[in-house]
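Right, I'll just put the structure down here and ask away after.
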Amino acid sequence: MAFLDQIKQRRSIYSIGKNVELDQAEIEKIIKDAVKHSPSSFNSQTSRVVILFGQSHDTFWHIVRETLRDLVSADAFESTNSKINAFAAGYGTALFYEDQNVVKSMQEQFALYADNFPVWSEHSSAIAQFATWTALAEKNIGASLQHYNPIIDEEVAQTFEIPSHWKLRAQLVFGSIEAPAGEKTFMDDAERFKTFA
């Protein structure tokens with residue numbers, strides 16, 4: 001499949017399940033390869049990923065649910081709980097972190113660009129997330145990117161023994177595609193692009 005076709009195929013899939021044809025080792029390899037080969041400024045390789053399957057995946061979404069239970073009003077929690085149930089129904093979750101020790105080290109090594117390294121770290125994370133999401137979509141695995149950080153960070157770090165210098169940036173939940181994504185709309189190109197020759 002051509003690269004642009006793969007990008008077009010990648011969508012936010014919210015109806016996911018556990019009926020994935022690939023085994024855990026194959027999915028783990030896809031995620032590792034996608035992150036490993038994603039570019040980063042100065043080849044800093046700041047991205048870190050924690051891959052959760054089975055009970056670990058369930059535990060993660062239990063943490064999210066219970067954290068939100070304490071923060072969301074009782075009358076609004078039913079809707080929130082339904083959303084978390086949909087994510088928990090998936091096959092796995094990839095937690096995307098950025099290693100702040102590396103960011104600080106780069107700031108010290110290249111003081112002229114010190115202010116940029118935290119921004120470039122975010123760029124690296126976004127690229128790794130997009131590459132992973134697209135690679136999974138190419139294998140017919142649906143996913144959606146979630147952002148329950150920072151409210152879950154501390155408990156997740158304790159539960160999965162995450163180093164304190166890793167900063168959680170996003171959660172990519174994935175599984176079998178149980179229902180397709182809705183139609184995607186696009187703003188007018190004239191409002192988004194300029195071309196000069």
Side-chain angles (χ1 to χ4, degrees), residues 1-54 57 60-61 83 86-99 102-103 106 116-149 167-197:
M1 185 183 296
F3 181 58
L4 284 176
D5 289 333
Q6 292 175 354
I7 291 174
K8 292 173 185 176
Q9 180 178 326
R10 184 226 49 82
R11 297 291 309 281
S12 291
I13 305 294
Y14 296 108
S15 182
I16 55 174
K18 301 188 187 302
N19 304 308
V20 175
E21 293 181 9
L22 300 181
D23 63 30
Q24 289 182 9
E26 292 172 302
I27 294 172
E28 183 180 4
K29 184 176 187 320
I30 289 168
I31 294 171
K32 286 180 176 179
D33 283 348
V35 173
K36 187 183 294 186
H37 294 285
S38 291
S40 59
S41 64
F42 290 69
N43 195 32
S44 54
Q45 301 177 52
T46 51
S47 294
R48 306 288 181 265
V49 181
V50 176
I51 307 167
L52 306 175
F53 295 108
H57 165 79
F60 173 79
W61 289 106
K83 185 183 290 187
F87 300 145
Y91 188 73
T93 305
L95 309 180
F96 285 84
Y97 288 84
E98 284 293 295
D99 189 331
V102 177
V103 174
M106 299 302 288
N116 290 325
F117 281 106
V119 177
W120 292 338
S121 166
E122 296 295 319
H123 295 173
S124 296
S125 184
I127 292 168
Q129 293 164 33
F130 176 75
T132 301
W133 196 350
T134 304
L136 291 173
E138 196 269 333
K139 297 296 185 182
N140 203 36
I141 296 174
S144 69
L145 196 64
Q146 304 303 315
H147 299 89
Y148 288 101
N149 45 292
K167 185 176 182 181
L168 184 59
R169 306 316 298 140
Q171 305 88 51
L172 186 69
V173 58
F174 56 86
S176 54
I177 300 172
E178 301 300 318
E183 184 179 351
K184 187 172 185 177
T185 59
F186 298 92
M187 64 186 297
D188 189 275
D189 283 356
E191 298 175 25
R192 197 168 188 184
F193 304 102
K194 290 183 181 294
T195 303
F196 299 92

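Quick caveat: nothing in here was measured; it's all calculated off a predicted structure.
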Among all residues two or more places apart in sequence or in another chain, which pass the side chain to side chain donor-acceptor pair (under 3.5 Å) test with S40? none

Side chain proximity check, S176 to Y91, heavy atoms < 4.5 angstrom: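 Contact flag for S176/Y91 side chains = no.
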
If the condition is salt bridge (charged side-chain N to carboxylate O under 4.0 Å, His left out), which residues does R10 pass it with, not counting sequence neighbours? none

Using distance only, find each side-chain donor-acceptor pair of residues 21-37 under 3.5 Å and give its atom names and separation, not counting sequence neighbours.
{"from": "D23", "atom 1": "OD1", "to": "A25", "atom 2": "N", "distance (Å)": "3.2"}
{"from": "D23", "atom 1": "OD1", "to": "E26", "atom 2": "N", "distance (Å)": "2.8"}
{"from": "E26", "atom 1": "OE1", "to": "D23", "atom 2": "N", "distance (Å)": "2.9"}
{"from": "E28", "atom 1": "OE2", "to": "K32", "atom 2": "NZ", "distance (Å)": "3.0"}
{"from": "K29", "atom 1": "NZ", "to": "D33", "atom 2": "OD2", "distance (Å)": "2.6"}

What one should report as the nearest heavy-atom pair of S44 and V102 is O-CG1, 3.5 Å

Report all side-chain donor-acceptor pairs from residues 179-197 shorter than 3.5 Å, counting only partners two or more places apart or in another chain.
{"from": "D188", "atom 1": "OD1", "to": "A190", "atom 2": "N", "distance (Å)": "2.8"}

To the closest 0.5 Å, what do you measure between CG (N43) and CE (M106)? 8.5 Å

If I compare all heavy atoms of V49 with all of A94, which pair ends up nearest, and what's the gap?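 Minimum heavy-atom contact is CG1-CB, 4.0 Å.
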
S47 OG to R169 CZ distance, which is reported to the nearest 0.5 Å: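 Going from OG on S47 over to CZ on R169, the span is 11.0 Å.
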
Heavy-atom distance under 4.5 Å between the side chains of D99 and Q45, does that happen here?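 Answer no - side chains too far apart.
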
Atom of G175, atom of I141 and distance for their closest heavy-atom approach: O-CG2, 3.5 Å

Look up atom CG in L52 and atom CG in L95, then write down how far apart they are to the nearest 0.5 Å.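 Here the rounded value is 4.5 Å.
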
Would N149 and Q171 count as having a side-chain donor-acceptor pair, cut-off 3.5 Å?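 There is such a pair (donor and acceptor under 3.5 Å, judged by atom type) between the side chains of N149 and Q171.
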
What is the ring orientation for F174 with F53, classed by angle as parallel under 30°, tilted 30 to 60°, or perpendicular over 60°? perpendicular

For residues 123-134, tabulate all N or O donor-acceptor pairs below 3.5 Å that involve a side-chain atom, not counting sequence neighbours.
{"from": "S124", "atom 1": "OG", "to": "W120", "atom 2": "O", "distance (Å)": "3.1"}
{"from": "S125", "atom 1": "OG", "to": "Q129", "atom 2": "NE2", "distance (Å)": "2.7"}
{"from": "Q129", "atom 1": "NE2", "to": "S125", "atom 2": "O", "distance (Å)": "3.3"}
{"from": "T132", "atom 1": "OG1", "to": "A128", "atom 2": "O", "distance (Å)": "2.8"}
{"from": "W133", "atom 1": "NE1", "to": "R11", "atom 2": "O", "distance (Å)": "3.2"}
{"from": "W133", "atom 1": "NE1", "to": "A143", "atom 2": "O", "distance (Å)": "3.3"}
{"from": "T134", "atom 1": "OG1", "to": "F130", "atom 2": "O", "distance (Å)": "2.8"}

Report the distance from atom CD of Q9 to atom CD1 of I7, rounding to the nearest 0.5 Å. 11.5 Å

Apply ring-ring contact (aromatic ring centres under 6.0 Å, His included) to Y14 and list each qualifying residue two or more places apart in sequence or on a separate chain. none

Testing the basics here: between I16 and A86, what is the closest heavy-atom pair and its distance to 0.1 Å?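 Here I16 and A86 meet closest at CG1-O, 3.8 Å.
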
Are any non-hydrogen side-chain atoms of L145 and S12 less than 4.5 angstrom apart? no

Working to the nearest 0.5 angstrom, can you tell me the gap between H57 NE2 and K18 NZ? 4.5 Å

